[in-house]
Each structure stands twice: as C-alpha cells, then as structure tokens.
Q: 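Encoded as structure tokens, here's the structure I'll be asking about.
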Amino acid sequence: MRGAPRWWKAFGLLVVFAGLLAGMAINAANRVAILVLGTKNIRSHPIVHVHIWELCTVCAVLAAAGAAAVAWSGGRRWVVRAAIAVGLPALLLGYLSWAPNGSRVSLSNILVATVSGSIPLLLGSTAGVLSERSGIINIAIEAEFLAGACLGAIVGSISHSTVVGLLAGIGGGMLIGAALSVLAIRYGVDQIVAGLILITLVTGITSYVTEQTLNPNQATLNSPPTFGALRIPGLVDIPVIGRALFGQSALLYLAVAAIIGSEWMFARTALGLRIRAAGENPAAALGSGVNVRRLRYGVGLVAGGIAGIGGSYFTLGSSGAFLAQMTAGLGYVALAAVIFGGWRAGRAALAALLFGFATSMATSLGLLNVNVNPSLLVMLPYLVTIVVVAGAVGQAKAPAADGVPLAET
Amino acid sequence: METLAPAAERAEPAVVDAPKERWWTTLRTARPEVVFVLSLFSGLVVSAFVIVISLKPSRAAWGELFSHPGHTFSVTAHALRKAYGALLSGSLGSTGAFGHTLTAAVPLAIAGMGLVIAFRSGVFNIGAQAQMIGGAVLASWVGFSFGGWPTPVHVALGLVAAAAGGAAVGLIPAFLKTRTGASEVIVTIMANYVMAALLVYLISNTFFSQRQNSSPVGRLTAPSGTWPSLFGRSFGVNAGLIVAAVVLGGGWVLMSKSRLGFELELSGTSPGASANAGISPARVFIVAFVISGAVVGLAGGVQILGTTHQLQSGFGGDIGVLAITVAFVGRNRPIGVLLASLLYGILQTGSLQMQGSSGVSYQLSNVIVGIIVLFMTAPALVAEIYRLRPAAGANLRLAMSRGWGK
C-alpha cells in the first residue's frame, strides 16, 4: 500500500456510507417516516413526519462531510474517529427510517436502548483502560462480568436488596481482578492466557452453579430485585435525549462517575501519573520509588470492582435472573472499546456507546418489521467490533509495557 | 542458510556427568509431567469441595460436623465415591463407554492440534469455534447434497470441504492482521459469535435447513457420506479416529521435522531472529492461520460427518473453548494434546453418567477442566503449593501471546 495515505480506509468507508445513504434517498420516493420523539406516552410527545428522502439526504451529507473532513485534515486521528462516530450512526439512522414500511420509528426509544445497552460496556471499558494503563492486559473483563452478574443475582435474591447485591457483584469482580493480578504479577503467566483461563473457569463454575443450585431454587436464589430507573427531575423531560441520559438505571451514573473519575485521575493526580509510568516504563517508575507491583495489584482490584458493577447490570440492572453465559461476549466488546478508544477512558466510553448503538440497533430493527433475518442482526455488534478494531489499530498505541511481566523490564 | 537447520539438529548438548537422579527427587521436581499429575489432582480436590457444597445431604452433614463427625465423613466419602466412581465407570467402565470417550476425544484432539500449530507460530488463534463451524458447514453441504456417490469418494470430499471451510474462516483474521494490524485475539473471538449467528441463519432460513422440523436443524448427511464405524457398532467409534491419528502424527512431522514448521516456530519464539533470517512475518501469519484453520475445520467435519450427522445451533461452542485448553494443558506438544484430549473425553463422557447416578450436574467437568488448565498454565503456582524443586533446564513458562503488539 505504498503511496496510499494512512486515512484511506476511513475515507473510503465514509464515502461508501454516503453512497448507500444517497441510494436510499433516491429509492425512498415519497415515503414518510414517522419519528416519535418521546417514549412513555406517545400522545403527549411530539410526532414528526419526515420525508425519508430528506432524512437520508441529511445523513448522506453528514457522512460525506465526514469524509471531506478526514481528507482535508490529512487524517488527523481525532477527526477520523469523530467522522466514523458520526458517519456510522448516520448510516444506521438512515437505514432505520428507510427500511420499515410505514412503521413508527421512535428516536427516543433508540437512544434509551443505546445508552442502557452501553452501561456494562462503559464500566467494562473503564476497567480495561485502568488495568491496561498500569501494564496488565485485562482480557478477563468477560469473567469479571460473569462473576459480578452471578454473585449479584444470588446475594441480591437472598438479601432482597439491590445495594447488597451490587456490593456482592463488585466483590465478585474484585475476586477475578485479584486472581488475574496474582497470576500475572506473582506467577508470571502470560496475561492473555491467564485472562482466557479465568474466563473458562468462571464460565464453568457459574454454569455449574446455575444448573446445580440456581435452577432448582429459582424463586429463592435467582430472583433479585432490580434497580429501577432513576429519573432526574426536570432534566428527564427534555425531548428526545431526556430519558436516554437522565432517566436510566442508577448504574449508569456510577459508570459516568467512574469514567470522569479515571480521566481526572490520569490527567490531574500524582497517582494517575504513577499508574501511567507503571504502564509505559516500569523500570523508570521503579527507579523513582514507585512500588509498581503494589500499584498494579491495587489497580487490578479497583478495575475488577468496576467491571463487577458492569456485571451486576446484567442481573440487578436489567433482567433480574442470572443465566449461564448471559454476558454473550460483551466483555470482549468492552475490550475492543478500550482499543478503539486508544486506551483513554473518555474515548473508550464513546466507543462503548457506538457498540451500544449497534446492539440496540440489532434489537430495534428486529422489533420493527424490517426485512432482515433476526439471526443476521445478532451479528451486528460483533461485526461492528471487527470493522472498528481493524480500522483503529495502528492509529493508537497501547501502553508500552502493557502485557510485559515486571521481571522482564 | 545454516540458521534454518532442522529442529532435530538443535538438540541441547547432553550433560554427561550429571549425577543420577533418585526417583523421589524426580517426583518432587517441577517437571511438566509432575505438574500435570498435580494439576489433575488439584482439580479433583477442588471439585470435591464443589460437590460437597452443592449436594444437599453432604451439605447438611457438614452442619453436624461437631455433633456427629463420623456421620459427616461417611456421608462425604459416600457422595464423593459415588460421583467420581460414576465419572470413571461412565467413561472407562465398559467398551461402549470407552468408545464414547474416544468419540468425544477425537474432535478435541484434532482441533487442539490445529491450535497448537498456530500457538507455536506465535499466532493467537482463539477462533476454533468459528473455524469448526466453517468446516462443518461445507462438510455438511457435501454430505447432504452429493448423496449416491461412492462412499470413499464422498467421505474424502467431505474431508477436503471441511479443511477448506476452516481455512477460509482462518484467513479472515490473518488478512485483517497483516493488512490493518487488528489484533487476531479480538477478531477471532468476534468471529466465533458471527459464525455462530450465521450458522443459526443457515439452518433456519436457507437450503441447509431441514424444513419439516420445527426447531432449526440442518439436513441429515446422506448415507454415502456418513463415516463408517470402526471395530463394530457397539464400540461406536467412527473413522474420525483415523483422522485424529493422522492429524497428530502429521502435526508432529510438520512442527518438529519439516523446514516450514521450523520457520513457523522460529517466527513464533523469536520474531526478530526469524525476520533477520529472511522469514516474512506476514507470510508466517497467513500460512499458520490457514493450516491451523484447516485442521480445526477438519474437527468440525469429523464431528458433523461422523457423530452428529446434521448441523445444530450452538455447534462447536464447547469444543472450540475446550480445544484452547487442550493446547494449553498439552503444553503445545502433539503427545500432550493426545493425553489432554483423552482426559477431557473421560471427563465429558463420565460426567453424563455422574449426573444420572449421583445428581451432580455434568457441568462439573467444566469446573475440573478450568482448574486443571489454571494450574497447568501457572506451574510456578503448583511448584509453590506442593513445594517442588525447580527443574533444571525445563522452561515451564508458557509464553505465547505478544500482547497488542506486532
């Protein structure tokens, strides 16, 4: 690929998006999409009739503008990412209005589903960023999710309390985080191998517990109370975005706190600087008196706890009961968000929202009578992950000592 | 180029004057075999706790530990004897049971060997499930649509199709890695989910589907493409056993006796040296992924044409995950893969009888496997628990991935 500029992939992708959207605009003829701007009570919320070709044209222009911005800026990293982050939702929004024939499309519902589907990913990717910045590759987010979900459900059911259940979920995540740290730091096990093994082990144990203990005692051990929506008065009534941002489960606000907290820690505090040093140049950190081992253990515990909250969301936050393998690979998707976010908490959160959008898209399109097979829609978040990771790598660098055992530095 | 001498000539110089080791010293040294036995032992011990906690009678008996200690121990011993006894008799107790054990071990051995080829080349292929589905889909298509062909031709064609399907799926992460640098860890894991969804689509909405059935299943393989069973029907082992033997032998020849295998392994263990010797990392990546994918695809074909005879949703999920741990526990060696897959075959087959006769869920086998593989990949942990002496010259650390780097 000598001669081709670095940004040709993103540029090409956006041009394809714009082309697809333009095609839809032409094909739409005079059909009208009904956009519902609220969710709770359709009558009390404004309904907008939009010509599909107008909407698709606007989205096509957005995608084309993204492509132009990428080319004009010479492929600056944040421009490329912003353009993709605008272009992909534009494509999906255009498709969503174009594909169903005369159904109602509720923008607000899609946004609510996007944000709520992103909650575990937001927490998981923050946990991933924390431990990888300290130099430990954390592929075990999936195991931390499973442990948090399972323990949260069991303890929540026994105690009849969401808060106690959440604490147990955090404990479950911390347990896995501690196990990963011990294997990686003390016993020098390859960190990706250690993560995979913890996932195998936790999957085995939780599946066994589900079969052996939870299924026969569904009512007493596996029906925890769930966190209701925490509506922030006033803000929740903002049209379109109100319920998505200010009417969600309490766990969303914990996730936002974790993201802002870690951004602030890395940017402003001495502790953040030490963690970054441990991940980039542990020898230098050691030399300047930082106890790298202890730091990595501590970060591993905290990251495990945060991922444990994400795991609790699967049971205490949404469905209630724990099911074997219910996390369905979302721990790996959170890991992909870490990579796409360039190992920064804030950007990883945006990536998590993108994947949450793809997930909610899969369910929304499944609910509308769109002529796409539901089992193909299931693939959407995973395909988006592959495309995004393939496009993102090489543009961001992992912490230099990520995955390198301390003895080798 | 002298640097590319075959692996056999790299043998370490023999230590002539080393004092003869006593057998008990050998047993207390952290050799791979010792670590393996102790890992298995630890897995069974930890699982014993899990059994005791999860069964009602034994849990109740431990509540009376101080009032009736004898009762507690006899109930515990009874529960454990029953569970582990069923595990053994259900897998090795009769010729039929042993046949089932071998049948379960065959796809694990094939897929495990496929992954070993990738791991030893420094390629972290976690996509065994996806590649098995790729192989199984093509093999199944050959199986049901070429009915009436002579059996040898049909079976051979099914094998070729399985290998091609697995290789095709393996090419995707190889292509993305060499072209864009996308981590093969993430791409192969995501490919597992994508292929699982594609499989559901194929068997519910396309010509793969067996339409008269209400739940989605694939069409049955034609009789001519179904694999013959070996050693009589009661033994129940099909010709996949031969494929497994050929794959393990071929894998050994490839990785330890051939120039290509040497290049792959050199690139895996010391990428810098191999690049200096003129071996292209991109080529190694693609070749390793294609061979590994093809072998794993064979496992899918063996499973479809020999055992299940039709595609089902969830196909390859268990085997795909277990195959990774087979490679880890087998320490990336063909003989290790053979032993590990036999052990897993015993655990999988025996656990079904254990569930029937002692009420311990068959899922316990996954717990045992998880603990064994945990200990096997952390030999330093085993050495510490059992106070083993460090083994001279044996590199116990299984370093394989290269992080997110190239």
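Nothing here was measured: the structure is a model prediction, and the numbers come from that model. Sequence lines set the chain letters: A, B, ... in the order given, protein chains first and strands last, and positions in each chain run from 1.
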Q: Considering only heavy atoms, which portion of Ile199(A) lies under 4.5 Å from any heavy atom of chain B: side chain, backbone, both, or neither?
A: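 Contact with chain B is absent: no heavy atom of Ile199(A) under 4.5 Å.
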
Q: Side chain, backbone, both or neither: which part of Leu383(A) has an atom under 4.5 Å from a heavy atom of chain B?
A: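 Both the backbone and the side chain of Leu383(A) come within 4.5 Å of chain B.
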
Q: Nearest 0.5 Å, please: how far is CD in Glu211(A) from OG in Ser361(B)?
A: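 Result: 4.0 Å between the selected atoms.
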
Q: How long is the straight-line distance from OG of Ser47(B) back to CD1 of Ile205(A), given to the nearest 0.5 Å?
A: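 So the CD1 of Ile205(A) and the OG of Ser47(B) are separated by 8.5 Å.
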
Q: Picking from Ala196(B), Ala383(B), Ala378(B), Ser54(B), which has the most non-hydrogen pairs under 4.5 angstrom with chain A?
A: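 Heavy-atom pair counts peak at Ser54(B).
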
Q: Flag the one option from Val321(B), Asn366(B), Leu364(B) with the top tally of heavy-atom pairs under 4.5 Å to chain A.
A: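 Heavy-atom pairs under 4.5 Å are most numerous for Leu364(B).
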
Q: Quick one: do the Thr377(B) and Tyr187(A) side chains pair a donor with an acceptor below 3.5 Å?
A: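 Absent: no donor and acceptor within the cut-off.
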
Q: Closest heavy-atom contact between Met379(A) and Ala197(B)?
A: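 Heavy atoms of Met379(A) and Ala197(B) come nearest at CG-CB, 3.5 Å.
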
Q: What part of Ile172(B) gets closer than 4.5 Å to chain A, counting heavy atoms only: side chain, backbone, both or neither?
A: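 It is neither, since no heavy atom gets under 4.5 Å.
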
Q: Nearest 0.5 Å, what's the OG1-CD1 distance between Thr188(B) and Ile386(A)?
A: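 It comes to 9.0 Å.
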
Q: Show the numbers, then the answer: is there a side chain to side chain contact (heavy atoms under 4.5 Å, CB included) between Leu374(B) and Leu183(A)?
A: CA-CA 9 Å; Leu374(B) 173 77; Leu183(A) 286 178; 3.5 Å; yes

Q: In Å, rounded to the nearest 0.5 Å, how long is the span from CD1 of Ile189(B) to CD of Glu142(A)?
A: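 Reported value, rounded in 0.5 Å steps: 8.5 Å.
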
Q: So which of Asn192(B), Ile368(B), Thr325(B), Leu198(B) has the largest heavy-atom pair count under 4.5 angstrom toward chain A?
A: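 Going by pairs under 4.5 Å, I would pick Leu198(B).
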
Q: So what's closer than 4.5 Å to chain A heavy atoms on Val369(B): side chain, backbone, both or neither?
A: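 The answer is neither part of Val369(B).
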
Q: Would you mind reporting whether Leu55(B) and Gln212(A) have side-chain heavy atoms less than 4.5 Å apart?
A: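 A side-chain contact under 4.5 Å exists here.
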
Q: Quick one: of Leu201(A), Val209(A), Thr203(A), who has the most non-hydrogen atom pairs under 4.5 Å with chain B?
A: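 Most pairs with chain B among the choices: Leu201(A).
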
Q: Report the C-alpha distance between Phe124(B) and Val193(A) in whole Å, list the side-chain angles of each, state the deciding distance to 0.1 Å, and finish with yes or no for side chain to side chain contact (heavy atoms under 4.5 Å, CB included).
A: CA-CA 10 Å; Phe124(B) 218 73; Val193(A) 173; 3.9 Å; yes

Q: At a heavy-atom separation under 4.5 Å, does Leu176(B) approach chain A through its side chain, its backbone, both, or neither?
A: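 Side chain of Leu176(B) only, per the 4.5 Å heavy-atom cut-off to chain A.
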
Q: Taking atom CD of Gln325(A) as the centre, does the number of heavy atoms from other residues, nucleotides or ligands within less than 6.0 Å exceed 12?
A: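 Count not over threshold, so no.
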
Q: Under 4.5 Å from any heavy atom of chain B, what part of Thr385(A) do you find: side chain, backbone, both or neither?
A: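 Thr385(A) touches chain B through side-chain heavy atoms alone.
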
Q: Against chain B, work out which of Ala194(A), Ala328(A), Ala179(A) has the most heavy-atom pairs shorter than 4.5 Å and name it.
A: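 Most pairs with chain B among the choices: Ala328(A).
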
Q: Please state whether the rings of Tyr193(B) and Tyr382(A) are parallel, tilted or perpendicular, taking 30° and 60° as the class boundaries.
A: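 Correct class here is parallel.
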
Q: Sort Val333(A) into side chain, backbone, both or neither according to what part of it lies under 4.5 angstrom from a heavy atom of chain B.
A: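 Both parts, backbone and side chain.
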
Q: When rounded to the nearest 0.5 angstrom, what distance separates OG1 in Thr200(A) from CG in Leu322(B)?
A: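 Here the rounded value is 8.5 Å.
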
Q: Is the CG atom of Asp318(B) crowded by more than 12 outside heavy atoms at less than 6.0 Å?
A: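 Open: at most 12 neighbouring heavy atoms sit under 6.0 Å from CG of Asp318(B).
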
Q: Does atom OH of Tyr84(B) have more than 12 heavy-atom neighbours, drawn from other residues, nucleotides or ligands, at distances under 6.0 Å?
A: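 Yes - once you tally the heavy atoms of other residues, nucleotides and ligands closer than 6.0 Å, there are more than 12.
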
Q: Is it the side chain or the backbone of Ser365(B) that comes within 4.5 Å of chain A heavy atoms, both, or neither?
A: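 Answer is neither: Ser365(B) stays 4.5 Å or more from chain A.
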
Q: Let's go through Ile186(B) and Tyr332(A) carefully: what are the C-alpha distance in whole Å and the side-chain angles of both, what is the deciding distance for side chain to side chain contact (heavy atoms under 4.5 Å, CB included) to 0.1 Å, and is it a yes or a no?
A: CA-CA 7 Å; Ile186(B) 299 226; Tyr332(A) 301 114; over 6 Å; no

Q: Distance check, rounded to the nearest 0.5 Å: Thr210(A) atom OG1 versus Gln363(B) atom CD?
A: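 Thr210(A) atom OG1 to Gln363(B) atom CD measures 8.0 Å (nearest 0.5 Å).
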
Q: Quick one: closest heavy-atom pair of Ile51(B) and Tyr208(A), and the distance?
A: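 Here Ile51(B) and Tyr208(A) meet closest at CA-OH, 4.4 Å.
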
